[in-house]
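Only heavy atoms go into these numbers, but all of them, side chains included; no hydrogens, no water, no symmetry mates.
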Amino acid sequence: MAATEERLRKLVDDNLEIEGRTPGSPLDLDRSLSDAGVSSPDIVAFWKVVNEEFGVDISAEQFAEMLTPRDLVAHLDAA
């Protein structure tokens, strides 16, 4: 899980601005991206980046159901 979490944190650092978080600082895995101030268009763009980076095909509907980064990490590790 740590490897997936680190890769995801790097993707967040490179692609998203989260309120109250500086790049490289710990990522709150239990805070949803929308609650962290990430806009819907940025979340859609991030979904595409995650699919490409991890070589998966998470549907938009599945991605929308993953409310937190922890949910996403669990899904990626289970794939």
Side-chain angles (χ1 to χ4, degrees):
M1 179 194 259
T4 303
E5 185 178 325
E6 284 301 310
R7 286 174 66 193
L8 189 62
R9 184 182 61 76
K10 172 108 173 74
L11 287 179
V12 168
D13 287 348
D14 292 347
N15 296 280
L16 299 175
E17 288 186 30
I18 294 182
E19 291 176 357
R21 180 180 180 272
T22 56
S25 66
L27 178 63
D28 183 350
L29 296 177
D30 296 312
R31 184 178 182 199
S32 76
L33 295 177
S34 59
D35 287 349
V38 179
S39 69
S40 293
D42 285 346
I43 291 173
V44 170
F46 186 66
W47 158 64
K48 293 175 183 178
V49 167
V50 168
N51 275 333
E52 184 177 316
E53 171 68 23
F54 287 91
V56 294
D57 188 20
I58 301 170
S59 71
E61 293 80 17
Q62 284 178 307
F63 196 81
E65 291 174 3
M66 294 176 215
L67 301 178
T68 66
R70 184 177 310 281
D71 294 339
L72 182 55
V73 168
H75 178 84
L76 291 167
D77 280 343

Residues forming a salt bridge (charged side-chain N to carboxylate O under 4.0 Å, His left out) with D28, sequence neighbours excluded: none

Residues forming a salt bridge (charged side-chain N to carboxylate O under 4.0 Å, His left out) with E65, sequence neighbours excluded: none

Please tabulate, for the side chains in residues 41-48, all donor-acceptor contacts under 3.5 angstrom to protein atoms that are two or more places apart in sequence or on a different chain.
| from | atom 1 | to | atom 2 | distance (Å) |
| --- | --- | --- | --- | --- |
| D42 | OD2 | S39 | OG | 3.3 |
| W47 | NE1 | I58 | O | 2.7 |

Name of the residue among V50, D71, L33 meeting side chain to side chain contact (heavy atoms under 4.5 Å, CB included) with M66: D71

Common cluster, L27/L67, ILVMFWY with side-chain heavy-atom separation under 4.5 Å: no

Name every donor-acceptor pair, under 3.5 Å, that has one atom in a side chain of residues 12-19 and the other anywhere in the protein, sequence neighbours excluded.
| from | atom 1 | to | atom 2 | distance (Å) |
| --- | --- | --- | --- | --- |
| D13 | OD1 | R21 | NH1 | 2.8 |
| D13 | OD1 | R21 | NH2 | 2.9 |
| D13 | OD1 | G24 | N | 3.3 |
| D13 | OD2 | R9 | NH1 | 3.0 |
| D13 | OD2 | G24 | N | 3.1 |
| D14 | OD1 | K10 | NZ | 3.3 |
| D14 | OD2 | K10 | NZ | 2.8 |
| N15 | ND2 | L11 | O | 2.8 |

Closest approach of R7 to E53 (non-hydrogen atoms, all atoms of both residues): NH2-O, 3.0 Å

For S40, all residues meeting side-chain contact (heavy atoms from CB on, under 4.5 Å), sequence neighbours excluded: none

